[in-house]
Amino acid sequence: MTATTQQTAVRTGALVRALIYALLLLFAVYYLLPLYVMVVNSLKPLEEIRQGNMLALPRTWTIEPWLSAWSTAQIGVQPTGLKPYFLNSIQMVVPAVFTSTLLGALNGYVLTKWRFRGADFVFTLMLLSCFIPFQIVLIPSARILGLLGLGGTVTGLVLIHAIYGLGFTTLFFRNYYEAFPSELVRAAMIDGAGFFQIFRRILLPSSGPIIVVTVIWQFTNIWNDFLFGSSFSNADSQPMTVALNNLVNSSTGVKEYNVHFAGAILAALPTLVVYIVSGRYFVRGLMAGAVKG
Amino acid sequence: MAFLEIEKLEKRFGSVSILKGIDLDIDEGGFLVLVGPSGCGKSTLLNTIAGLESVSGGEIRIAGKRVNELHPSRRDIAMVFQSYALYPNMTVAQNISFGMEIKGVPKPERDKAIAGVSETLQIGHLLDRKPSQLSGGQRQRVAMGRALVRRPQVFLFDEPLSNLDAKLRVDMRTEIKRLHQSMKRTIVYVTHDQIEAMTLATKIAVLKDGVLQQAGTPAEIYNSPTNMFVADFMGSPAMNLIPATVNVSGKSPALDIGAYGGRTMSLDLGASNGMLSKFSGRPVMFGIRPEAITDPEGADRTSKNLITAECFVEVVEPAGSDTFAVVHLGGKEAVARLRADAKVVPGTVAKLAFNLDKAVFFDPETQQRIA
Ligand SMILES: Nc1ncnc2c1ncn2[C@@H]1O[C@H](COP(=O)(O)OP(=O)(O)O)[C@@H](O)[C@H]1O
Ligand SMILES: [Mg+2]
C-alpha cells in the first residue's frame with residue numbers, strides 16, 4: 001500500500017514539476033523577448049529592419065550600429081555618440097552611490113547603537129523622504145543648486161542623488177544594524193575603541209550583504225534616473241539616460257532603429273553587470289535578516 | 001576600606017526606576033555574586049559598574065576613586081558577556097588582542113600576552129579560528145581570555161555560563177573558581193542561578209525589583225536570610241515556609257502547626273527564641289530547610305534543640321544520595337531530607353526530627369525576619 005501511494009506521489013510530483021517548469025519557461029521567454037529583439041536588431045543594417053521581420057536573425061551581421069551609438073551618432077546637435085554621457089553617468093553614479101551608502105551606514109549605526117532622545121522620530125522623518133515624489137522637490141532643489149553654484153554640473157547631480165538616496169540607505173542599514181548584537185559594541189567600548197573605530201572595525205566588516213543590497217539599489221536608481229538628470233544638467237553634464245533620449249529624438253531624417261537599440265542596450269549594460277556580478281549577494285542580503293533568527 | 005564601593009546607586013530609564021538606592025561593597029580579591037530573579041536589575045547594576053550605562057544617582061568607587069564619569073575603557077575593568085560578544089570578523093587571537101591593538105601596544109608584546117593567556121586557558125590551538133568555528137565552551141574560554149589579557153582590577157561577568165549545557169556549566173564554574181583563586185582579583189559576577197552563587201561567591205548580594213534584599217557571605221545568606229524572599233530564593237530544594245502560631249501558655253514558647261487529620265502539632269522552641277514571645281498568639285512563618293527535617297536516626301546529634309514529631313508523608317522521592325519526603329504541614333507541602341535508606345512509606349505517618357537550631361521565623365505581614 002505504501003509503495004503505491006509513494007509511486008503516485010512521485011508521479012504527481014513529476015507532473016506538477018513539469019508544469020511549473022513549462023510555466024517558468026513561458027514567463028522567461030516573455031520577459032526576454034524585448035531584449036532579444038533589441039540585440040538582434042542592433043546587429044542588422046538599417047535596410048534589413050525596414051524590409052523585414054523584427055524577430056528574424058540578421059542576414060548580414062554588423063557591429064556598425066554599436067560603434068555609431070557609442071562614438072558618432074548625433075546627440076542633440078553634436079555627433080559625439082553616447083560616450084561622453086556614459087562617462088558623465090559614471091562620474092555621477094560612483095561618488096553618489098559611495099557617499100549615500102557610507103552616510104546611510106553611519107546613520108544606521110547612530111540610530112541603533114548610539115540611540116539618543118528622539119532617534120525614532122528622526123528615523124521616521126528620514127523614512128518619509130523615501131515616499132516624497134521627487135517632482136515636488138524639483139524647484140527648491142534647482143534653487144539650492146543654483147545658490148551653491150552647482151546648477152548644470154555633474155557635482156550638482158551627485159549631491160542631489162546622494163541626498164535623496166539617504167532615506168533608503170538609512171532604512172536598509174538601520175534595520176540591518178538593529179539586529180546586530182549591541183554586546184559587541186559594548187565589548188569594543190570596554191576595549192577602548194572609539195565611535196569610528198567601532199564602526200570601521202566591528203560593524204562594517206559584518207555589513208557585506210547589506211552593503212551589496214544598498215549599492216545595487218542605489219546604482220540602479222541613480223543610473224536609471226531621468227527626472228533629476230534632465231532637470232539639473234546642461235548639454236555637457238547630461239547623464240546617459242538623457243542622452244539616450246536625445247539620441248532617439250534627434251531629428252536628422254531617418255530613424256536609425258539599429259543605432260537606437262544599440263544605444264539603449266549600452267545604457268542598460270552597467271546595471272545589468274552590477275546585477276550579474278552581485279545578484280547572488282543581493283538575494284542573500286535580502287534574506288539575511290530572515291534566516292539568521 | 002572596601003575595594004569596589006557602590007553607594008546609594010540609582011538608575012532610571014526615563015521615568016522607570018530600575019535600581020532603587022543600592023549600597024554594596026566588596027573587598028579586594030573578593031568574589032561578589034549578584035543574584036536575583038530575571039529582570040531585577042542585575043545586568044543594569046553590572047553595566048553601571050562597567051560604565052556602559054550612566055547612573056541616575058549615587059556613586060561608584062574603585063580603589064577609592066570615583067569612576068562615575070570615567071569611560072568604560074578607563075575604569076580598569078574587563079567584562080565577559082552572556083553572549084560572549086566575540087567579534088565575528090576577527091580570529092581568536094585578534095579578539096584577544098583587540099584592546100591592546102587599540103591602545104597601540106606593539107605587536108611582539110601583544111603576541112606575548114596572547115601566548116600567556118592562551119596557555120592559562122588552553123586555547124592555543126584555537127588562535128587562528130573565527131568565533132563561528134568554535135563550540136560554546138571554547139567561545140566561553142576565548143571570552144575569558146579577552147578579559148584576562150587586560151589584567152584589570154575588577155572582572156565583571158554577566159551570566160557567563162547560562163548558554164552552556166549543564167555538564168559544561170559545572171566544569172566552567174570550577175574553572176572560574178580556580179582562576180579566581182590563582183589571580184586573586186576582584187570579581188563581580190551576575191547570575192540567576194543560586195547554586196552558582198553559593199559555590200562561587202565570597203559575598204552574595206540578593207536583588208529583587210532593583211532593591212538589595214541582603215548582602216553577606218554564602219553561609220549568612222543561606223542560614224540567616226533577612227526576609228522570606230531571600231529564604232525562598234536561595235537553596236534547592238527551597239526552604240520550607242510553614243504557617244504556624246506562637247503559643248506561650250507553657251513554660252517555654254511553642255509552635256502550633258496544623259498537621260494531618262485536623263490535628264495540631266506542637267513544637268517546643270525551648271528558651272532560646274525569646275524574640276518570638278512578642279508574637280504570642282499570632283501567626284508567624286516558620287522557616288526550616290529540608291536538611292533540618294530528617295528521619296530521627298539521621299538527625300544532627302550536636303543540635304541543642306531536636307524535636308521529634310509525627311508527620312503524614314505524601315510522596316517519597318529517592319534521589320540516590322538522599323531521599324526527599326513531601327509531608328503535609330500547616331496546610332502546605334514541606335520537604336524533608338532523609339537518609340537514602342530511611343524507611344518511609346508514602347501515605348503513612350512517620351516520625352521526623354526537626355532541628356530547631358536551624359529554624360528561622362518571619363512576620364507573614366512584613367515578610368521580614370523576626371527571629
Ligand atoms: N535600555 C533600557 N531601557 C529601558 N528599560 C530597560 C533598559 N535596560 C533594561 N531595562 C529594564 O530594566 C529591568 C532590569 O533589567 P536587567 O538589568 O537586564 O535585568 P536582569 O536582572 O535580568 O539582568 C528590566 O525590567 C528591563 O526591562
Ligand atoms: Mg541580565
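We name chains A, B, ... by the order of the sequence lines, and we start the count at 1 in each one.
Around atom CZ of B:R66, more than 12 heavy atoms belonging to other residues, nucleotides or ligands sit under 6.0 Å away. Atom CZ of B:F13 sits in a crowded spot, with more than 12 heavy atoms from other residues, nucleotides or ligands closer than 6.0 Å. The environment of CG in B:D128 is sparse: at most 12 heavy-atom neighbours from other residues, nucleotides or ligands sit within 6.0 Å. Atom CZ of B:R151 is surrounded by 12 or fewer heavy atoms from other residues, nucleotides or ligands within 6.0 Å. Within 6.0 Å of the CD atom in B:E69, the count of heavy atoms belonging to other residues, nucleotides or ligands exceeds 12. Under a cut-off of 6.0 angstrom, the local environment of CZ in A:F27 is sparse, with at most 12 non-hydrogen atoms contributed by other residues, nucleotides or ligands.
Counting only residues at least two apart or in different chains, ring-ring contact (aromatic ring centres under 6.0 Å, His included) contacts with residues 107-159 of chain B comprise B:F157-B:Y189. The list of ring-ring contact (aromatic ring centres under 6.0 Å, His included) pairs with a residue in residues 38-85 of chain B, not counting sequence neighbours, is empty. Applying the ring-ring contact (aromatic ring centres under 6.0 Å, His included) test to pairs two or more places apart or on separate chains, those with a residue in residues 87-116 of chain B are B:Y87-B:F98.
With a threshold of 4.5 angstrom between heavy atoms, B:E53 approaches chain A through side-chain atoms but not through N, CA, C or O. Using a 4.5 Å cut-off between heavy atoms, B:R146 contacts chain A through its side chain alone, with no backbone atom that close. Looking at B:L86, only its backbone comes within 4.5 Å of chain A, counting heavy atoms on both sides. Interface remark: B:N47 contributes side-chain atoms only to the contact with chain A (heavy atom separation under 4.5 Å). The contact between B:M90 and chain A is made entirely by side chain atoms (from C-beta outward), counting heavy-atom distances below 4.5 Å. For B:R75, no part lies near chain A; criterion is any non-hydrogen pair under 4.5 Å.
Contact annotation for residues 187-204 of chain A against chain B (heavy-atom separation below 4.5 Å, listed by residue number): A:A187, A:A188, A:M189, A:I190, A:D191, A:G192, A:A193, A:Q197, A:R201, A:I202.
Ranked by heavy-atom pairs shorter than 4.5 Å toward chain A, the options B:P152, B:A50, B:P72, B:S73 are led by B:S73.
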